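Dropping a structure here in C-alpha cells format, bear with me for questions.
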Amino acid sequence: MDKHQDDQEKDKKDNKNNMASGLGIGVAIGAGIGVALDNIAVGIAVGIAIGLSFGAINSRRKTPPKS
C-alpha cells in the first residue's frame, strides 16, 4: 500500500470513532434530559440525534496535514 491509501484507511477509522463517540455522548446527555423530563426513552432518542449530528460534523472537519 502506498501512503495515500494508508491515509484514507486511517481517515475512515477516525470517522467511525467520531460517530461512535458522538453516539455515546448523545446517549449520556439524552439520559440526563430524559430524567429531567420524566421520560427517559424520549430523552435518549433526542440525545442520540444530537450525538450523531455532532459525530457527523466532527467526521467532516478537516485536520491539518501532519509534517
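For this chain, numbers begin at 1 and follow the sequence in order. Everything quoted here is computed from the prediction, not taken from an experiment.
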Of the non-hydrogen atoms in Ile48 and Leu23, which two are nearest, and what is the gap between them? CG2-CD1, 3.7 Å
Drop me the distance from Ile33's CD1 to Ile50's CD1, to the nearest 0.5 angstrom. 4.5 Å
When you group the ILVMFWY residues by side-chain heavy-atom contacts below 4.5 Å and let the links chain together, are Ile29 and Ile40 in the same group? no
Check whether Val27 and Val35 end up in the same hydrophobic cluster, where Ile, Leu, Val, Met, Phe, Trp and Tyr are linked by side-chain heavy atoms less than 4.5 Å apart. yes
Identify whether Ile25 and Ile57 are in the same connected component of the hydrophobic contact network (ILVMFWY, side-chain heavy atoms under 4.5 Å). no
